[in-house]
Amino acid sequence: MEQFSSELSNHIHASRVREDFMGGVRSGVNGTPTFFINGERYDGSFDPVSMLAALETAGVESRR
C-alpha cells in the first residue's frame, strides 16, 4: 500500500492513464462499459441474451 500511495500521489502512471484514455476516445468510447465485437463498437443492450446474440451474429459473419 505504501508504494501504491506514493505512486498515486506522485502521478507516476498519469501519462499511461492519459494514453489509454485517449486511445478509447479515438476508438469511439464515450462511456463505460463499452464493448467491441470484431473491432466494431457494440451499441446494443448489455443484457446477456442480447450480447450473446450479437456475438453469435459476429461469429457467423466472420466465417463468411
Side-chain angles (χ1 to χ4, degrees):
M1 281 306 296
E2 188 175 316
Q3 180 181 353
F4 173 79
S5 295
S6 173
E7 290 177 359
L8 185 63
S9 65
N10 290 307
H11 307 284
I12 298 297
H13 304 287
S15 63
R16 177 57 198 254
V17 170
R18 176 98 178 132
E19 182 182 317
D20 286 349
F21 173 80
M22 293 309 296
V25 169
R26 286 189 296 276
S27 296
V29 174
N30 55 11
T32 58
T34 300
F35 295 99
F36 289 83
I37 301 173
N38 291 344
E40 297 290 322
R41 191 176 72 198
Y42 170 73
D43 290 320
S45 177
F46 293 153
D47 68 275
V49 172
S50 298
M51 291 189 78
L52 183 56
L55 289 166
E56 289 173 342
T57 298
V60 168
E61 291 175 357
S62 70
R63 287 184 231 129
R64 292 184 187 168

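Owing to the predicted nature of the structure, the values given are computational and were not obtained by experimental measurement.
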- Exam field: side chain Thr34 to backbone Gly31, donor-acceptor pair closer than 3.5 Å: yes
How would you list, by chain and number, every residue that makes a side-chain contact (heavy atoms from CB on, under 4.5 Å) with [X], sequence neighbours excluded?
X: Thr57; result: Glu61
X: Val17; result: none
X: Asp43; result: Arg41

- Query: Has Glu40 got more than 12 heavy atoms of other residues, nucleotides or ligands less than 6.0 Å from its CD?
  - Reply: no
- salt bridge (Lys or Arg N to Asp or Glu O under 4.0 Å) partners of residues 7-18, not counting sequence neighbours, each pair once: Arg16-Asp20
- Qualifying side-chain hydrogen bond (donor to acceptor under 3.5 Å, both in side chains) pairs with a residue from residues 21-31, counting only residues at least two apart or across chains: none
- Query: Going by side-chain heavy atoms closer than 4.5 Å, which hydrophobic residues are tied to Met1, directly or by a chain of links?
  - Reply: Phe4, Leu8
- With sequence neighbours left out, which residue pairs that include part of residues 11-39 fulfil the ring-ring contact (aromatic ring centres under 6.0 Å, His included) condition? Phe35-Phe46
- Message: Under the rule for side-chain hydrogen bond (donor to acceptor under 3.5 Å, both in side chains), what residues qualify as partners of Ser15, not counting sequence neighbours?
- Response: none
- Note on the structure: With sequence neighbours left out, the residues meeting side-chain hydrogen bond (donor to acceptor under 3.5 Å, both in side chains) with Ser45 are Asp47
